[in-house]
Amino acid sequence: MENEIKMLISEEDVNKRIREIGEQISADYAGKELHVICILKGGVFFMCDLVKHITVPVTHDFMSVSSYGDKTVSSGRIKIIKDLDDSIEGKDVLIVEDIIDSGRTLHHLLQLLRARNPKSVRLCTLLDKPDRREIEVPVDYTGFSIPDLFVVGYGLDYAQHYRNLPYIGVIEG
Ligand code: IMP
Ligand code: MG
């Protein structure tokens with residue numbers, strides 16, 4: 001697959017912002033331990049760089065939910081493809097996601113995870129498209145708010161391609 005990609009957020013700006021969020025999270029969770037839940041696959045690229053800037057003790061788990069398939073329009077249906085390995089009961093949980101669009105994925109996930117009795121749940125997303133929101137979700141940490149564009153790179157895909165781009169871009173043509 002080869003498309004023209006126009007840069008929206010540079011690698012330098014992404015890295016700088018991730019460092020800032022990591023420092024903020026470290027300050028907010030001072031004296032605590034953090035259980036990071038990464039939403040596969042897109043969130044993994046962000047999570048790996050983010051946790052390097054977190055100075056409190058961190059444990060990790062991964063979850064995979066289906067949302068878009070190979071289309072660029074949300075189906076609105078969400079299915080758990082891979083559940084967590086470990087219990088989150090009594091833990092301070094931080095969900096790490098690549099992007100919040102309609103909010104449906106995170107709304108569903110938050111309900112599901114809160115029912116498992118964590119001590120707390122917060123949400124961290126690299127990107128947010130607030131204009132597209134259909135269901136309100138409480139976002140605690142946002143890398144960048146972006147306009148209503150379909151973006152790729154830094155974990156975000158178009159039909160599974162472009163996740164490995166070190167910057168955030170928009171497909172042209
Ligand atoms: P939501 O349930 O509509 O909030 O969808 C969130 C999911 O849709 C994200 O985790 C992404 O996997 C996908 N998604 C939303 N917008 C984009 C985009 O611009 N590029 C790539 N994936 C996107
Ligand atoms: Mg995703």
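Quantities reported herein were computed from a predicted structural model and do not represent experimental measurements. Note that ligands are numbered from 1 as they come in the structure, with each ligand's atoms numbered from 1 the same way.
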**Q** Considering distance alone, does some N or O of V151 sit under 3.5 Å from an N or O of ligand 1?
**A**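 So ligand 1 has an N or O lying under 3.5 Å from an N or O of V151.
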**Q** Run through D101, I146, L149 and flag the one making a side chain to side chain contact (heavy atoms under 4.5 Å, CB included) with R132.
**A** D101
**Q** Is any N or O atom of V152, backbone or side chain, closer than 3.5 Å to an N or O atom of ligand 1?
**A** no
**Q** So, does G103 sit close enough to ligand 1 that a heavy atom of it is under 4.0 Å from the ligand?
**A**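 So G103 counts as touching ligand 1.
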**Q** Please determine whether any non-hydrogen atom of L127 lies less than 4.0 Å from an atom of ligand 1.
**A**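 Judged by the 4.0 Å heavy-atom criterion, L127 does not count as contacting ligand 1.
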**Q** Run the salt-bridge test on K16 and E20 with the 4.0 Å N-O cut-off and return the result as yes or no.
**A** yes
**Q** Can you list every pair that meets side chain to side chain donor-acceptor pair (under 3.5 Å) and has a residue in residues 30-40, with sequence neighbours left out?
**A** H35-T59
**Q** Has S64 got a side-chain atom pairing as donor or acceptor with I81's backbone, closer than 3.5 angstrom?
**A**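 Between the backbone of I81 and the side chain of S64 there is no qualifying donor-acceptor contact (under 3.5 Å).
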**Q** Within the distance-only criterion (no hydrogens, no angle test), does the side chain of K129 pair as donor or acceptor with the backbone N or O of I99 below 3.5 angstrom?
**A** no
**Q** Just jot down the ligand 1 atoms closer than 4.0 angstrom to any heavy atom of D157, in number order.
**A** 21 (C)
**Q** Any idea how Y158 and F150 line up, ring-wise: parallel (<30°), tilted (30 to 60°), or perpendicular (>60°)?
**A** perpendicular
**Q** Taking 4.0 Å as the limit for heavy-atom contacts, which would you say applies to E97 with ligand 1: side chain only, backbone only, both, or neither?
**A**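 Side chain only; the backbone of E97 stays clear of ligand 1.
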**Q** Could you establish whether E134 and ligand 1 come within less than 4.0 Å of each other, counting only heavy atoms on the residue side?
**A** no
**Q** Just heavy atoms, cut-off under 4.0 Å: does T105 contact ligand 1 by side chain, backbone, both, or neither?
**A** both
**Q** Who gets closest to atom 14 (N) of ligand 1 by heavy atom: L109, D101, I99?
**A**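 Minimum heavy-atom distance to atom 14 (N) of ligand 1 goes to I99.
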